[in-house]
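On a predicted model such as this, the values are computed, not experimentally measured, just so you know.
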Amino acid sequence: MDLSSLNTLMVPPDIHNCKRILCVQPHPDDNEIGMGGIISTYADKGCEIHYLTVTNGDLGTMDERLSHEEVAEIRSKELEEAGRFLGASVFHSLHYGDGTLENIPRLAGEIAEIIRTVKPEAVFCPDPWLTYEAHYDHIITGKAVAHAFLSSGLARYPKGTHTHPWQVSAIGFYFTASPNLVIDTTDVFEKKFKAIELHRSQFNDDILALYRVYFKEKGRQLAQGKDFELGEGLKVLAPVHLHCFVDAVHI
């Protein structure tokens, strides 16, 4: 291996021209909040977009009159409405209850089965190594997706599988403090927020106003020095970067 090969190893994979992607969210609104602009941008390019929602969102209410089942039903409708609005066309769900995630290997196996069935070129999820992230649904989901991403190309993973191996080329972590790719979302910023607003059970006007200011300012910061006004950031890595690779933090 020469120096040029070593330099290539330190470059994140190119995900700009993906034809099929899988966007994994712990809860029914995370894709819109974390990468709604990116999803819309991919859809505009004709990409086939799959959603995978891990929990049913049944704790996501301040209304004590609603049962867990009623909340889950509301949120299921909202997630599909918002996802379709951005351009997602296929929806997968694992139906775990909010706050119940704890078994990373088991969840990784379930996610790997979906990866091996869908065969995406890239998979996306929250960054589980985000400093101060306190929600275990996010931490467990992110680590499970990372493990599934790493292992889905193995012939006999998960044990007992009847699916065929599929190695995804790239994983993109959203909700990340360490982006190595910023995608231009200037023209779809308003569409992202309309999608967030479709989660009517989750956000009042004050929260939406706060989010609008925050994400617009964050988008400007991410786009600083680039030839566009607003962006969304991802930490993009290849399979080789996710196992015994001490320099992944520097990519």
Side-chain angles (χ1 to χ4, degrees), residues 11-26 28-54 76-94 111-127 141 145-146 148-149 152-153 163-176 179-199 215-216 219 222-223 226-239:
V11 175
D14 185 357
I15 64 170
H16 287 90
N17 297 313
C18 293
K19 301 301 183 184
R20 182 184 299 122
I21 62 173
L22 175 65
C23 304
V24 185
Q25 56 183 358
D29 54 9
D30 289 318
N31 281 340
E32 282 74 46
I33 298 170
M35 56 175 295
I38 293 171
I39 290 169
S40 181
T41 298
Y42 271 114
D44 288 345
K45 294 189 290 187
C47 181
E48 179 181 308
I49 299 166
H50 291 244
Y51 268 31
L52 169 56
T53 307
V54 176
S76 176
K77 292 177 180 177
E78 290 175 345
L79 91 83
E80 185 164 344
E81 185 180 5
R84 289 194 184 281
F85 180 76
L86 289 179
S89 58
V90 186
F91 297 84
H92 313 266
S93 297
L94 294 180
I111 293 169
E113 292 282 34
I114 293 171
I115 287 174
R116 290 157 69 103
T117 301
V118 172
K119 296 180 171 55
E121 295 161 83
V123 62
F124 301 87
C125 66
D127 187 343
T141 295
V145 173
F149 164 74
S152 62
T163 57
H164 298 292
W166 179 260
Q167 183 56 67
V168 188
S169 298
I171 188 169
F173 295 106
Y174 59 87
F175 294 142
T176 183
N180 58 6
L181 174 67
V182 178
I183 293 179
D184 181 5
T185 56
T186 308
D187 293 337
V188 294
F189 181 81
E190 290 302 325
K191 190 168 186 178
K192 169 193 173 90
F193 264 85
K194 288 181 180 177
I196 293 174
E197 288 170 356
L198 291 174
H199 294 277
F215 283 113
K216 179 159 280 191
L222 288 166
K226 306 183 186 306
D227 61 354
F228 49 85
E229 181 184 355
L230 301 172
E232 286 182 347
L234 298 166
K235 175 74 169 182
V236 180
L237 297 172

Q: Not counting sequence neighbours, which residues clear side chain to side chain contact (heavy atoms under 4.5 Å, CB included) with Lys226? List them please.
A: Val182, Phe228
**Q.** Euclidean distance, Leu22 CG relative to Phe149 CZ, rounded to 0.5 Å
**A.** 12.0 Å
Q. Taking the six-membered ring of Phe189, is NZ or CZ of Lys192 closer than 6.0 Å to its centre and within 45° of its axis?
A. no
Q. Between the side chains of His50 and Glu48, does any donor sit under 3.5 Å from an acceptor?
A. yes
Q: Please round to the nearest 0.5 Å and tell me the distance separating atom NZ of Lys45 and atom OG of Ser40.
A: 11.0 Å
Q.
Quick check: closest heavy atoms across Ala223 and Gly231, and the distance to 0.1 Å?
A. CB-N, 4.1 Å
Q. Should the pair Lys194 and Phe85 be classed as cation-pi, given the thresholds of under 6.0 Å to the six-membered ring centre and 45° from the axis?
A. no
(Q) Could you report the tightest heavy-atom contact between Ala43 and Gly87, atom names first, then the distance? (A) CB-CA, 3.8 Å
Q.
Are more than 12 heavy atoms, taken from residues, nucleotides or ligands other than Asp14, located less than 6.0 Å from that residue's CG atom?
A. yes
Q: May I ask you to decide if Gly37's main-chain N or O and Glu232's side chain share a donor-acceptor pair within less than 3.5 Å?
A: yes
Q | Val123 and Val24, any side-chain heavy atoms less than 4.5 Å apart | A | yes
**Q.** Backbone N/O of Cys18 and side chain of Glu121: donor-acceptor pair under 3.5 Å
**A.** no
Q: Say whether, by atom type as modelled, one donor and one acceptor occur between the side chain of Trp166 and the main chain of Pro120 under 3.5 angstrom.
A: yes
**Q.** Distance in Å, Ile21 CD1 paired with Cys47 SG, rounded so as to fall on 0.5 Å steps
**A.** 4.5 Å
Q.
I want to check something: taking the side chain as every heavy atom from C-beta on, are Ile49 and Ser89 in contact at a cut-off of under 4.5 Å?
A. no
Q. So, are Glu80 and Arg84 salt-bridged, with charged N and O less than 4.0 Å apart?
A. yes
Q. Where is the tightest heavy-atom contact between Asp184 and Thr41, given as atom of each residue plus distance?
A. O-OG1, 3.7 Å
Q | Value rounded to 0.5 Å, distance of CD in Glu81 from CG in Leu86 | A | 11.0 Å
Q: Report the C-alpha separation of Gln25 and Glu32 in whole Å, then their side-chain angles, then the decisive distance to 0.1 Å, and conclude whether the side chain to side chain contact (heavy atoms under 4.5 Å, CB included) test is met.
A: CA-CA 9 Å; Gln25 56 183 358; Glu32 282 74 46; 4.2 Å; yes
(Q) Are the side chains of Val118 and His92 in contact, using a 4.5 Å heavy-atom criterion? (A) yes
Q | Trace of the side chain to side chain contact (heavy atoms under 4.5 Å, CB included) decision for Ile33 with Ile196 | A | CA-CA 7 Å; Ile33 298 170; Ile196 293 174; 4.2 Å; yes
Q.
How close do Ala170 and Val236 get, counting heavy atoms only, and between which atoms?
A. CB-CG1, 4.2 Å
**Q.** Contact summary for Gly233 and Thr176, nearest pair of heavy atoms
**A.** O-CG2, 4.1 Å
Q.
I'd like to know whether NZ of Lys77 has more than 12 heavy-atom contacts from other residues, nucleotides or ligands below 6.0 angstrom.
A. no
Q) For Tyr174 and Asp30, does a side-chain donor sit closer than 3.5 Å to a side-chain acceptor? A) no
Q | Gap separating the CG atom of Asn180 from the CZ atom of Phe173, nearest 0.5 angstrom | A | 10.5 Å
Q. Are Leu79 and Phe91 close enough that some pair of their side-chain heavy atoms sits under 4.5 Å apart?
A. yes
Q.
What verdict does the side chain to side chain contact (heavy atoms under 4.5 Å, CB included) test give for Leu94 and Leu52, after you've listed the backbone C-alpha separation in whole Å, the side-chain angles of each residue and the deciding distance to 0.1 Å?
A. CA-CA 8 Å; Leu94 294 180; Leu52 169 56; 3.9 Å; yes
Q) Closest approach of Pro239 and Gln167, non-hydrogen atoms and distance? A) CG-NE2, 3.2 Å
Q | side chain to side chain contact (heavy atoms under 4.5 Å, CB included) between Asn31 and Tyr51, worked out | A | CA-CA 8 Å; Asn31 281 340; Tyr51 268 31; 3.5 Å; yes
(Q) Nearest 0.5 angstrom please: Leu237 CG to Leu181 CG, how far? (A) 11.0 Å
Q: State, yes or no, whether a side-chain contact exists between Asp29 and Leu198 at a heavy-atom distance under 4.5 Å.
A: no
Q: Kindly indicate whether the side chain of Cys23, heavy atoms from C-beta on, has any atom under 4.5 Å from the side chain of Met35.
A: yes
**Q.** Main-chain N/O of Ala148 paired with Ser152 side-chain donor or acceptor, under 3.5 Å
**A.** yes
Q. Are the side chain of Thr186 and the backbone of Leu230 linked by a donor-acceptor contact shorter than 3.5 Å?
A. yes
**Q.** Thr163 and Glu113: side chain donor to acceptor below 3.5 Å
**A.** yes
Q.
Is any side-chain heavy atom of Pro126 closer than 4.5 Å to one of Pro26?
A. yes
